[in-house]
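Presented below is the structure to which this report refers.
Naming: A, B, ... by sequence-line order, numbering from 1 per chain. As a basis for the values below, the full set of heavy atoms in this structure was taken, side chains included, without hydrogen atoms, waters or symmetry mates.
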2 protein chains.
Amino acid sequence: MDPLSDTFHALADPTRRAILLSLKHGEKSAGDIAKPFAISAPAISRHLKVMEKAGLIDRRRDGQILYCQLRADRLKEATEWLERYAQFWQSSFGRLDRILSTEHPRTDK
Amino acid sequence: MDPLSDTFHALADPTRRAILLSLKHGEKSAGDIAKPFAISAPAISRHLKVMEKAGLIDRRRDGQILYCQLRADRLKEATEWLERYAQFWQSSFGRLDRILSTEHPRTDK
DNA sequence: TAATTAATTAACCATATAGTTAAATATAGT
DNA sequence: ACTATATTTAACTATATGGTTAATTAATTA
């Protein structure tokens, strides 16, 4: 899969989004990450692998502990992709924007 | 699925993202949307259904033509979710932010 | 060395996904 | 009425997903 699809796919799961939020304030071990969730450790382990593949986290082993840390670059890319649509809500005339663009189509790469 | 998961899931496919981009300048019929793609009409039809379920587009039928139009609200919600992480790249000290947050954990709801 | 802890891998299950072709539906035109 | 066009639904295939439990690997502690 292309990187952006990997990123959005990784974000399309509430457990993974909750994990990501839980990493906002610093790195945590896989075990600590798993604690709040009702699912098994292997399930968490696979969520972490999906997130690592998507570039959402880095993993670092220290002894038996595997520390996970939020990684920003792919989140940034996904955000930037979405912000291409910001014109549709940033003005108070979002609906009007769409109507105007329909009636006066412009091209933009 | 919860709405945010639906939205990210709908975005996690390059065909659907291309469709979304193609709607940036106004509504298009399902047939016109399908033209640039090498896949079958039923495949496009299902992509459009996924996008409608996710709230990324509205559909309106006029005779035999089904017009699809970009819809902003869910895109806005997804963008806002992602922007909760903007602190990790907005300063030129993104990396430092993470290090500091690791060493001085704060809570935020 | 034996036992404990942290995490992953393996094997399995049920469901979902993305595509196909063929058939069905619905509107429009002759 | 007949035909053509636009789109969806049905039936099918192959692969991916998200969960489980049991077994495995690796590091720590007694």
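Between A:Arg46 and C:dA10, a side-chain N or O to OP1/OP2 separation shorter than 4.0 Å is absent. Side-chain N/O atoms of A:Lys49 include one lying less than 4.0 angstrom from OP1 or OP2 on C:dT9. Phosphate contact (OP1/OP2 of C:dT8, side-chain N/O of A:Ser45, threshold under 4.0 Å): present. A sub-4.0 Å separation between OP1 or OP2 of C:dG19 and a side-chain N or O of B:His47 is present. B:Ser40 has no side-chain polar atom (N or O) that falls below the 4.0 Å cut-off from OP1 or OP2 of C:dG19. For the pair B:His9 and D:dT17, the criterion of a side-chain N or O lying under 4.0 Å from OP1 or OP2 is not met. Phosphate contact (OP1/OP2 of C:dA26, side-chain N/O of B:Arg61, threshold under 4.0 Å): absent. At C:dA7, none of the side-chain N or O atoms of A:Arg59 fall inside 4.0 Å of OP1 or OP2 (strictly under the cut-off).
Remark: C:dT30 base-pairs with D:dA1; criterion is Watson-Crick or G-U wobble with both hydrogen-bond distances under 3.5 Å. Checking C:dT5 for Watson-Crick or G-U wobble geometry (two distances, each under 3.5 Å) identifies D:dA26 as its partner.
In this structure, B:Ile44 atom CD1 and C:dT21 atom P are separated by 14 Å, rounded to whole Å. Following rounding to the nearest Å, B:Ile39 (CD1) and C:dT21 (P) show an atom-to-atom distance of 12 Å. In this structure, the CZ atom of A:Phe8 is 20 Å from the C1' atom of D:dA16, given to the nearest Å. As rounded to whole Å, 11 Å separates atom P of D:dA27 from atom CG of A:Asp62. Atom NZ of B:Lys53 and atom P of C:dA18 are 11 Å apart (whole Å). Atom NZ in B:Lys28 sits roughly 16 Å away from atom C1' in D:dT7 (whole-Å rounding). Nucleotide C:dT17 holds its C1' atom 11 Å from the CE atom of A:Met1, rounded to whole Å. One atom, CG of B:Asp13, and another, P of D:dT17, lie 12 Å apart when rounded to the nearest Å.
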Passes side chain to side chain contact (heavy atoms under 4.5 Å, CB included), B:Asp58 versus B:Tyr67? Steps please. CA-CA 8 Å; B:Asp58 285 325; B:Tyr67 290 98; over 6 Å; no
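The cluster map of Ile, Leu, Val, Met, Phe, Trp and Tyr, joined by side-chain heavy atoms under 4.5 Å apart, puts A:Leu21 and B:Phe8 in the same cluster.
Distance from the side chain of B:Leu66 is smallest to D:dT7 among C:dT9, C:dT20, D:dT7. When distances are taken from the side chain of A:Pro42 to each of C:dA10, D:dT7, D:dA10, the shortest belongs to C:dA10.
A heavy-atom distance below 4.5 Å is found between the side chains of B:Val50 and B:Arg16. Contact of the A:Ile19 side chain with the A:His47 side chain is registered, since non-hydrogen atoms from C-beta on lie closer than 4.5 Å.
In the interface, the side chain of B:Gln64 is paired with the base of D:dT5 through a donor and an acceptor atom under 3.5 Å apart.
Between A:Asp73 and A:Arg71 a salt bridge is recorded (basic side-chain N to carboxylate O distance below 4.0 Å).
Both tests hold for B:Lys24 against A:Tyr85: distance to the six-membered ring centre under 6.0 Å, angle to the ring axis within 45°.
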